[in-house]
Amino acid sequence: MAVLRFSYGTMGSGKSTLALQIHHNLAVRRLNGLLLTKLDRDGVQVTSRLGVSAPAIEVGGDLDVFDLAASRLPLDFVVCDEVQFYSAEQCDQLARIVDELGVDVFAFGLITDFRGLLFDGTRRMLEVADERVEMQVEARCWCGSRATHNARVVNGKVVYEGETVVVGDTNDDGAEPLFGDVVRYELLCRRHYLAGDMGD
Ligand SMILES: [Zn+2]
């Protein structure tokens with residue numbers, strides 16, 4: 001039986017690294033796979049912060065991922081990174097890849113956005129996945145507690161409102177001006193997220 005597995009975590013929990021590892025492990029066994037991503041940091045490839053990357057297919061807003069998979073048969077597996085940005089329809093298409101094509105789908109996504117709310121794609125994946133796996137690599141807040149929140153930091157301050165999709169990085173040096181503001185993300189525990197306290 002094919003399976004739809006959804007692995008989720010915060011930024012820095014090793015999602016992209018695991019997505020690449022699974023894709024690599026299956027590909028070296030000569031299994032046929034697709035690697036999909038959406039709004040990855042460096043364009044159309046899956047990039048891990050550990051420095052590994054692989055070419056990927058960009059999942060645009062209108063792309064029917066079921067049709068894509070059906071056109072690439074025979075297919076053994078599909079690995080999807082950044083699935084938090086998928087529409088609910090695209091998540092349902094992943095489920096159809098499993099049920100109608102008998103292909104395993106391994107999906108990876110962030111759990112909550114900078115407001116502390118489930119991403120739309122993540123909510124749908126939690127609803128439809130056969131297996132829900134919390135990433136085991138635990139990111140830490142500066143205080144040492146488990147980091148549960150991806151805080152958005154604009155011009156040095158934690159913000160709680162704004163556009164959902166602003167791609168940034170968790171490193172200071174990765175910060176790029178966006179609409180004149182410096183946007184980055186910082187992993188915090190709930191207490192320090194709510195307090196807006198970055199420990200500096
Ligand atoms: Zn903390």
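Quick caveat, the model's predicted, so the values are computed rather than measured.
- Between Thr37 atom OG1 and Phe85 atom CZ the span is 9.0 Å, to the nearest 0.5 Å.
- The 12-atom threshold is not exceeded at CD of Glu161, counting heavy atoms of other residues, nucleotides or ligands nearer than 6.0 Å.
- Distance CD1/Ile97 to CG/Leu75: 8.0 Å, rounded to 0.5 Å.
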Test Tyr8 against Phe6 for ring pair (Phe, Tyr, Trp, His ring centres under 6.0 Å), laying out the working first. CA-CA 6 Å; Tyr8 58 92; Phe6 178 45; 5.7 Å; yes
Under the criterion side-chain contact (heavy atoms from CB on, under 4.5 Å), I'd like the reasoning laid out for Val65 against Val59: C-alpha separation, chi angles, the key distance, then a yes or no. CA-CA 8 Å; Val65 286; Val59 176; 4.0 Å; yes
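- The one candidate from Met125, Glu131, Arg96 that meets the side-chain contact (heavy atoms from CB on, under 4.5 Å) condition with Leu4 is Met125.
- Between Glu134 and Arg146, at least one side-chain N (NZ, or NE/NH1/NH2) sits under 4.0 Å from a carboxylate O, which counts as a salt bridge.
- With rounding to the nearest 0.5 Å, the separation of CZ in Phe66 from CD in Gln90 is 14.5 Å.
- For the atom pair CZ (Phe106) and CG (Leu26), the distance works out to 6.0 Å, reported to the nearest 0.5 Å.
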What do the steps show when you test Val183 against Arg152 for side-chain contact (heavy atoms from CB on, under 4.5 Å), and what is the final call? CA-CA 7 Å; Val183 179; Arg152 181 182 292 170; 3.9 Å; yes
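- The aromatic rings of His23 and Phe77 sit perpendicular, their planes meeting at an angle over 60°, well past the 30° parallel limit.
- Inter-residue side-chain proximity for Val83 and Thr122 is flagged as unmet; no heavy-atom pair is nearer than 4.5 Å.
- At a threshold of 4.0 Å, the pair Arg5-Asp130 does not count as salt-bridged, since none of the basic side-chain nitrogens sits closer than that to a carboxylate oxygen.
- Contact of the Leu68 side chain with the Arg72 side chain is registered, since non-hydrogen atoms from C-beta on lie closer than 4.5 Å.
- With a 4.5 Å cut-off on side-chain heavy atoms, Val159 and Val153 do not count as touching.
- Glu58 has its side chain within reach of Lys38: a pair of non-hydrogen atoms, C-beta onward, lies under 4.5 Å apart.
- The residues Arg123 and Asp120 are annotated as salt-bridged, a charged nitrogen and a carboxylate oxygen being separated by less than 4.0 angstrom.
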Between Val128 and Asp92, is the side-chain contact (heavy atoms from CB on, under 4.5 Å) condition met? List the steps. CA-CA 7 Å; Val128 301; Asp92 290 345; 3.7 Å; yes
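- The cluster map of Ile, Leu, Val, Met, Phe, Trp and Tyr, joined by side-chain heavy atoms under 4.5 Å apart, puts Val105 and Leu73 in the same cluster.
- Side chains of Ser16 and Asp81: a donor-acceptor N/O pair is present below 3.5 angstrom, by distance only.
- Within 6.0 Å of atom CG in Asn25, more than 12 heavy atoms from other residues, nucleotides or ligands are found, so the atom counts as buried in its surroundings.
- One hydrophobic cluster, built from ILVMFWY side chains closer than 4.5 Å, cannot hold both Val133 and Ile22; they sit in different ones.
- From Thr17, atom OG1 reaches atom NE2 of His24 across 13.5 Å, with rounding to the nearest 0.5 Å.
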For a ring pair (Phe, Tyr, Trp, His ring centres under 6.0 Å) check, start with the C-alpha distance between Tyr193 and Tyr160, then their side-chain angles and the critical distance, and finish with the verdict. CA-CA 9 Å; Tyr193 165 78; Tyr160 302 92; 5.2 Å; yes
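- Residues Leu117 and Thr112 have side chains not in contact (no heavy-atom distance under 4.5 Å, counting atoms from C-beta outward).
- At a threshold of 4.5 Å between non-hydrogen side-chain atoms, the residues Glu82 and Lys15 count as touching.
- A 4.5 Å side-chain heavy-atom check between Phe114 and Asn150 finds every atom pair outside the cut-off.
- For the pair Tyr86/Cys80, a side-chain contact is recorded, criterion being any heavy-atom separation below 4.5 Å from C-beta on.
- Taken to the nearest 0.5 Å, the CG atom of Leu63 stands 7.5 Å off from the CG atom of Leu36.
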Working note: Leu35 + Ile57, criterion side-chain contact (heavy atoms from CB on, under 4.5 Å); need CA distance, chi angles, decisive distance, verdict. CA-CA 6 Å; Leu35 180 60; Ile57 298 169; over 6 Å; no
